There are 2 protein chains.
Amino acid sequence: MRLADGPVRLQPMPPGADAMLIAKCPVRDVLDRIGDKWSVLILKNLEEGPRRFGVLKRMIGDISQRMLTQTLRDLQRDGLIQRTVYPTVPPSVDYRLTKLGQSLMDPLEYLVQWSDRNHQKVRKARQSFDRTPPGAPA
Amino acid sequence: MRLADGPVRLQPMPPGADAMLIAKCPVRDVLDRIGDKWSVLILKNLEEGPRRFGVLKRMIGDISQRMLTQTLRDLQRDGLIQRTVYPTVPPSVDYRLTKLGQSLMDPLEYLVQWSDRNHQKVRKARQSFDRTPPGAPA
DNA sequence: CATCCTGGTCTCAAAAAGAGACCAGAACTC
DNA sequence: GAGTTCTGGTCTCTTTTTGAGACCAGGATG
């Protein structure tokens, strides 16, 4: 890859990368689910025990009712949480982690730990990036 | 919480949850970044070594140029990847993980493992959910 | 009778993502 | 020397997601 002494003509494709090597793997399934803005937050809340709809909403604070409903349904659909309806006076509903959902909390915990340890660095990087204009001098 | 023998009147707020307990914590910073559709995919690709823009695009396959550009910039802004421009003939650019970015790969790996082990269950849950109409009989 | 509470749904506006055309500028082709 | 190619981006337009907030059922409560 003569970078300093001549024209550059890379191989049209990296060796063995016929595209979608990663795009189609199961990771994507999971990431697309917990990768939305709210899933992890909800899961994290549910980790402490069953929660009712309204409580979850208030806990998270800035989630819209619409999104909460929908995210909860998606989570339920994927078997991560369980929805229980109680035939009480104003019918109440609560959500709790399934076994599967609980097992996801472990890897998630690592992520949370990383966040705690490194968010400072991320913030600093962000600041310095924002200070330096995109077209920075050599 | 008399669920079975009388009216339900929950406390307006769960004990100690003044909202945003979780919403404001560092986790959110991180999750909002890697929680988008592409970041992890890109990070995962970069794990194997420096990659050029076009290569990344072809590897991921179904990402739009626009999104790739933007996600890469965000990742760079957060100090997770490093962008290097080579003054070659058609100017070429490559991206690689920073040390910080690399350290994120560890927790991510757990997630990937979980995905591999459990995506089957998730798929089954999904199927059975889809088979059973929302208003299922008792 | 009017009001409150719960967990949702519906509609409408705003924001984000995807598709694809377009650009610079040197090198290579003919 | 005109035309094509290659690279990493940007710009505009359309489609999809998300957010805000009104509205609903229906028993309890005052």
Side-chain angles (χ1 to χ4, degrees), chain A residues 1-14 23 31-33 35-39 41-42 50-76 81-96 134-135, chain B residues 1-14 23 32-33 35-39 41-42 50-76 81-96 133-135:
Chain A
M1 211 206 270
R2 294 143 287 132
L3 278 177
D5 72 349
V8 178
R9 189 55 60 102
L10 296 181
Q11 307 79 28
M13 264 306 221
L31 256 36
D32 280 355
R33 165 67 51 249
D36 65 18
K37 197 169 180 181
W38 306 111
S39 292
L41 244 34
I42 293 176
R51 289 258 191 281
R52 300 188 44 178
F53 185 90
V55 174
L56 276 172
K57 178 152 173 27
R58 282 189 292 269
M59 292 282 283
I60 298 180
D62 57 345
I63 190 174
S64 68
Q65 211 157 331
R66 192 176 146 294
M67 275 294 97
L68 183 54
T69 302
Q70 184 178 311
T71 308
L72 284 170
R73 187 161 30 232
D74 288 344
L75 250 22
Q76 185 196 355
I81 67 177
Q82 185 196 356
R83 178 179 189 266
T84 316
V85 182
Y86 299 96
T88 49
V89 178
S92 77
V93 180
D94 81 12
Y95 298 88
R96 67 191 64 196
Chain B
M1 210 202 270
R2 295 144 286 131
L3 277 177
D5 73 350
V8 178
R9 190 54 61 100
L10 296 181
Q11 307 80 28
M13 265 307 221
D32 281 355
R33 165 67 50 249
D36 64 19
K37 196 168 178 181
W38 306 111
S39 292
L41 244 32
I42 293 176
R51 288 260 191 282
R52 302 186 43 177
F53 186 90
V55 175
L56 276 173
K57 178 151 173 28
R58 282 189 293 269
M59 292 281 285
I60 298 182
D62 57 343
I63 189 175
S64 70
Q65 213 156 330
R66 191 175 148 294
M67 273 296 95
L68 182 54
T69 303
Q70 183 179 311
T71 307
L72 284 170
R73 187 162 29 235
D74 288 344
L75 251 20
Q76 185 195 355
I81 66 177
Q82 185 196 356
R83 179 179 188 267
T84 316
V85 181
Y86 300 97
T88 49
V89 178
S92 77
V93 181
D94 80 12
Y95 299 87
R96 68 191 64 196

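Predicted, not measured: the structure shown is a model, and the values here were computed from it. Heavy atoms only: backbone and side chains are in, while hydrogens, waters and symmetry mates are out.
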Legend entry - Rounded interatomic separation in angstrom, taking CH2 from B/Trp38 and C1' from C/dA17: 10 Å
Legend entry - Nearest-Å distance for atom pair CD1/P, residues A/Ile63 and D/dA20: 11 Å
Inset, instruction - Answer whether the closest heavy-atom distance between the side chains of B/Ile63 and B/Leu41 falls below 4.5 Å. - result: no
Legend entry - Main-chain N/O of A/Asp32 paired with B/Lys37 side-chain donor or acceptor, under 3.5 Å: no
Inset, instruction - Using a 4.5 Å cut-off on heavy atoms from C-beta on, say whether the side chain of A/Asp62 contacts that of A/Trp38. - result: yes
Inset, instruction - Figure out the CG/C1' separation between A/Asp74 and D/dT18, and round it to whole Å. - result: 13 Å
Legend entry - Nearest-Å distance for atom pair NZ/P, residues A/Lys57 and D/dG19: 11 Å
Inset, instruction - Would you kindly give the CG-to-P distance between B/Leu68 and D/dT7, to the nearest whole Å? - result: 14 Å
Legend entry - Which residue lies more 5' along DNA chain D, comparing A/Pro91 with A/Lys37 via nearest heavy atoms: A/Lys37
Inset, instruction - Would you please name every residue forming a salt bridge (charged side-chain N to carboxylate O under 4.0 Å, His left out) with B/Asp36, sequence neighbours left out? - result: none
Contacts under 3.5 Å, N or O only, protein and nucleotides 9-16 of chain C:
{"from": "C/dT9", "atom 1": "OP1", "to": "A/Arg73", "atom 2": "NH1", "distance (Å)": "3.4"}

Inset, instruction - Could I get the full list of salt bridge (charged side-chain N to carboxylate O under 4.0 Å, His left out) partners for A/Arg96, not counting sequence neighbours? - result: A/Asp94
Inset, instruction - Calculate the interatomic distance between A/Leu41 atom CG and D/dT18 atom C1'; express it in whole Å. - result: 16 Å
Inset, instruction - Write down the distance between CG (B/Asp62) and P (C/dG20), rounded to a whole number of angstrom. - result: 13 Å
Inset, instruction - Of all the heavy-atom pairs spanning A/Arg33 and A/Ser39, show the shortest one and how long it is. - result: O-OG, 3.0 Å
Inset, instruction - Round to a whole Å and report the spacing from CG of A/Asp32 to C1' of C/dA17. - result: 13 Å
